[in-house]
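Throughout, numbering of the chain's residues begins at 1 and tracks the sequence.
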Amino acid sequence: MHDLNLGVAQYSTFGSILSIGAMIGAIVSGRIADYAGRRVAMGFSEVFCILGWLTIAFSKVAWWLYVGRLLIGCGIGLLSYVVPVYVAEITPKNLRGTFAAVHQFMICFGLSVTYLIGSYLNWRILAIIGTIPCLLQLLSLPFIPDSPRWLAKIGRLKECDSALQRLRGKNADVYQEATDIRVNNKFLFIRMLNLGYNLDYTKALQRQTEASIIGLFQLQYLKLLIIGVGLMILQQFGGIGGITFYTNSIFISAGFSVSIGIIATVSVKIPLTTLGVLLMDKCGRRPLLLVAAMGTCLGCFLLGLSFFLQDMHIWKGVSPIMALFGLLAYMGSFSLGMGGIPWIIMSEIFPINVKGSAGSFVTLVSWLCTLIVSYAFNFLMSWSSEGTFFLFSGICGLTVIFVAKLVPETKGRTLEEIQASLNLYSTKM
């Protein structure tokens, strides 16, 4: 933002204010997605992003940059919840992980392209370019079906069947899948009960009302909240918000070429994100998440060790190379699984009656942690560069233990099977 002369404090505020906007978007994301539908929620998010990019592009004073960044944050907060949920609800069980991982791949690809072209273009032009994918998605939304599970949830059963048929193809037999969705839907249970049917889960699902965020804190949802919230906290406190936003500063502090470092980072992130997409439904979520967490732990440790050697004035020729390898290991491992899998699991484990509230809460926690890390990162680096990355390394190590002990494997199971296995239908029949 050279022509607006942002100071260090303003630059830090500009970086972290996106997280504040995302928190606002997260708070309303579940409600919008539940009441208006997944497509409408995505439409709202794109409108916020377009307005934000245009505000930044035509800013005349610094505070308009904050407004634009805040609006983009609101859009991202909405998208970060609704896209994984929508993808999880429309895809068949054997492809759900792959399709959800493609979302993370597109984020990685977009960030990488932005990093590259941002090195050569004026930031105002870059902001205008940012509106293009938002406009494309906004214009494409009328041509995609809404979530069959959401349609069944609000009682639009014919539209649910039609959307499912459209998603699976004209000649596909969707009877069994449609039946599974209906049988796990409280609206259908009430109808069938009135008609004299006696079905499994009827009493249990009749008692499951639309839960508020406060209603989430019940014993039956406690394990799910621990998994969903725990993964988001560990993902963000592992340092990704600070490391991503201040990548250039890290390279400069480590004494390494920024341009070479960015090119190397992009060349690692995209292939490893692609690998994660290919392995998601073959290896499963848990193995990829464990490998990714161990990789981020190692990467932060190497970064911390690099700064330690630099401060001790030993191995001066080695420490920049070690910083590069550490950052590449961290970014590559995060791209492999730590970035996308927590969102995939969040979209899979919560039942339809609490998905909106739970998703909003988990997304809010994620962006709150992002805000804390991105704002505190400069202060931590001023305190101790090596201490900052050793701290992140320790948190990534805790992530390995958390995943090994608590996170379930969801590969190859329908959403209903996952939720049943987590004892969501614990009410006695």
Student: Donor-acceptor pair, distance only, cut-off 3.5 Å: does the side chain of Ser306 make one with the backbone of Ser319?
Tutor: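 Checked: pair present.
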
Student: Give a yes or no answer on whether the side chain of Arg96 reaches the backbone of Thr410 with a donor-acceptor pair at less than 3.5 Å.
Tutor: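 Indeed, once roles are kept as given, a pair shorter than 3.5 Å links the two residues.
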
Student: After noting the C-alpha distance and the side-chain angles of Phe377 and Phe392, does the key distance pass the side-chain contact (heavy atoms from CB on, under 4.5 Å) rule?
Tutor: CA-CA 11 Å; Phe377 188 80; Phe392 290 154; 3.7 Å; yes

Student: Could you tell me which non-hydrogen atom of Tyr330 sits nearest to which non-hydrogen atom of Ile240, and how far apart they are?
Tutor: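 Heavy atoms of Tyr330 and Ile240 come nearest at OH-N, 2.9 Å.
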
Student: Are the side chain of Arg149 and the backbone of Glu89 linked by a donor-acceptor contact shorter than 3.5 Å?
Tutor: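 Flag set: sc Arg149 to bb Glu89 pair under 3.5 Å.
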
Student: With rounding to the nearest 0.5 Å, note down the distance linking CH2 in Trp53 to OG1 in Thr55.
Tutor: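 Output value for this atom pair is 11.5 Å.
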
Student: If you compare all heavy atoms of Gly238 against all heavy atoms of Cys300, which two are closest, and at what distance to 0.1 Å?
Tutor: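 Smallest interatomic distance, heavy atoms only, reads O-SG, 4.0 Å.
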
Student: Within the structure provided, determine whether Cys396 and Met294 are in side-chain contact (heavy-atom separation under 4.5 Å).
Tutor: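 With C-beta onward as the side chain, the pair stays apart.
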
Student: How about Ile344 and Pro84: do any of their side-chain heavy atoms sit closer than 4.5 Å?
Tutor: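 No, their side chains stay 4.5 Å or more apart.
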
Student: Leu139 and Phe143: which non-hydrogen atoms are nearest, and at how many Å?
Tutor: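 The answer is O-CE1, 3.4 Å.
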
Student: Main chain of Cys297, side chain of Ser393: is a donor-acceptor contact present, judged purely on distance under 3.5 Å?
Tutor: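 Side chain of Ser393 to backbone of Cys297: a pair is present.
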
Student: With a 4.5 Å cut-off on side-chain heavy atoms, are Trp123 and Ile56 touching?
Tutor: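 Side chain of Ile56 against side chain of Trp123, heavy atoms only: contact under 4.5 Å found.
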
Student: Hey, what do you get for CZ (Phe237) to CD1 (Ile395), rounding to the nearest 0.5 Å?
Tutor: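 Result: 7.0 Å between the selected atoms.
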
Student: I'd like to know if the side chain of Thr363 and the backbone of Ser360 have a donor-acceptor N/O pair within less than 3.5 Å.
Tutor: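 No, the answer is negative, given that no donor and acceptor are paired below the 3.5 Å cut-off.
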
Student: Is it the case that atom CZ in Phe402 sees more than 12 heavy atoms from other parts of the structure closer than 6.0 Å?
Tutor: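 Yes - once you tally the heavy atoms of other residues, nucleotides and ligands closer than 6.0 Å, there are more than 12.
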
Student: Using the rule given for side-chain contact (heavy atoms from CB on, under 4.5 Å), can you reason through Glu348 versus Leu415, listing the C-alpha separation, both sets of side-chain angles and the distance that settles it, and then say yes or no?
Tutor: CA-CA 6 Å; Glu348 293 175 326; Leu415 298 182; 4.0 Å; yes

Student: Grab the two heavy atoms, one from Ala57 and one from Ile128, that are nearest each other, plus how far apart they are.
Tutor: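 Distance-wise, the nearest heavy atoms are CB-CG1, 3.7 Å.
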
Student: Hey, is the main chain of Leu364 close enough, under 3.5 Å, to the side chain of Tyr81 for a donor-acceptor pair?
Tutor: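 Side chain of Tyr81 to backbone of Leu364: no pair is present.
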
Student: Please test Ser80 against Trp367 for side-chain hydrogen bond (donor to acceptor under 3.5 Å, both in side chains), starting from the C-alpha separation and ending with a verdict.
Tutor: CA-CA 10 Å; Ser80 58; Trp367 284 107; 3.1 Å; yes

Student: Do Phe301 and Phe390 have their ring centres less than 6.0 Å from each other?
Tutor: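 Between Phe390 and Phe301, which both carry aromatic rings, the centre distance is below 6.0 Å.
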
Student: How many angstroms lie between CE in Met232 and CD1 in Ile227, if you round to the nearest 0.5 Å?
Tutor: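 Output value for this atom pair is 12.5 Å.
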
Student: Going from CG on Leu70 to CG on Leu51, what distance comes out if it is rounded to the nearest 0.5 angstrom?
Tutor: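 These two atoms lie 12.0 Å from each other.
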
Student: Minimum heavy-atom separation for Arg39 and Ile144, please, with both atom names.
Tutor: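 Nearest heavy atoms, Arg39 then Ile144: NH1-O, 2.7 Å.
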
Student: At what distance, to the nearest 0.5 angstrom, does CD1 of Ile50 lie from CG of Leu54?
Tutor: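 Interatomic distance, Ile50 CD1 to Leu54 CG, rounded to 0.5 Å: 7.5 Å.
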
Student: Report the C-alpha distance between Ser19 and Ser374 in whole Å, list the side-chain angles of each, state the deciding distance to 0.1 Å, and finish with yes or no for side-chain contact (heavy atoms from CB on, under 4.5 Å).
Tutor: CA-CA 9 Å; Ser19 301; Ser374 61; 4.1 Å; yes

Student: What distance separates Arg285 CZ from Lys411 NZ, expressed to the nearest 0.5 Å?
Tutor: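 Those atoms lie 8.5 Å apart.
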
Student: Could you check whether atom CZ of Phe48 has more than 12 heavy atoms from other residues, nucleotides or ligands sitting under 6.0 Å from it?
Tutor: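 No, because the 6.0 Å sphere around CZ of Phe48 holds 12 heavy atoms or fewer from other groups.
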
Student: Do Met280 and Ile341 make a side-chain contact, defined as non-hydrogen atoms from C-beta onward lying under 4.5 Å apart?
Tutor: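 The answer is yes, as the side chains (C-beta and beyond) meet within the 4.5 Å cut-off.
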
Student: Please report the shortest heavy-atom distance between Gln236 and Ser366, naming the atom on each side.
Tutor: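 Where Gln236 meets Ser366 most closely, the heavy atoms are CG-O, 3.4 Å.
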
Student: Are any non-hydrogen side-chain atoms of Val403 and Leu234 less than 4.5 angstrom apart?
Tutor: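 Side chain of Val403 against side chain of Leu234, heavy atoms only: no contact under 4.5 Å found.
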
Student: Can you tell which of Leu336, Ile243, Val268 makes a side-chain contact (heavy atoms from CB on, under 4.5 Å) with Met331?
Tutor: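 Of the listed residues Leu336, Ile243, Val268, the side-chain contact (heavy atoms from CB on, under 4.5 Å) partner of Met331 is Ile243.
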
Student: Can you find a pair of side-chain heavy atoms, one from Ser29 and one from Val82, that are under 4.5 Å apart?
Tutor: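 Of all side-chain heavy-atom pairs linking Val82 with Ser29, none is under 4.5 Å.
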
Student: Using the rule side-chain contact (heavy atoms from CB on, under 4.5 Å), only one of Val229, Thr370, Leu231 pairs with Val365; which is it?
Tutor: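 By the side-chain contact (heavy atoms from CB on, under 4.5 Å) criterion, Val365 pairs with just one of Val229, Thr370, Leu231: Val229.
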
Student: State, yes or no, whether a side-chain contact exists between Thr399 and Met338 at a heavy-atom distance under 4.5 Å.
Tutor: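 Of all side-chain heavy-atom pairs linking Met338 with Thr399, at least one is under 4.5 Å.
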
Student: Given the rule in the side-chain contact (heavy atoms from CB on, under 4.5 Å) test, do Phe109 and Lys269 qualify, once you have shown the distances and angles that lead to the verdict?
Tutor: CA-CA 8 Å; Phe109 181 78; Lys269 285 177 67 177; over 6 Å; no

Student: Using a 4.5 Å cut-off on heavy atoms from C-beta on, say whether the side chain of Val28 contacts that of Ile24.
Tutor: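 No, side chains not in contact.
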
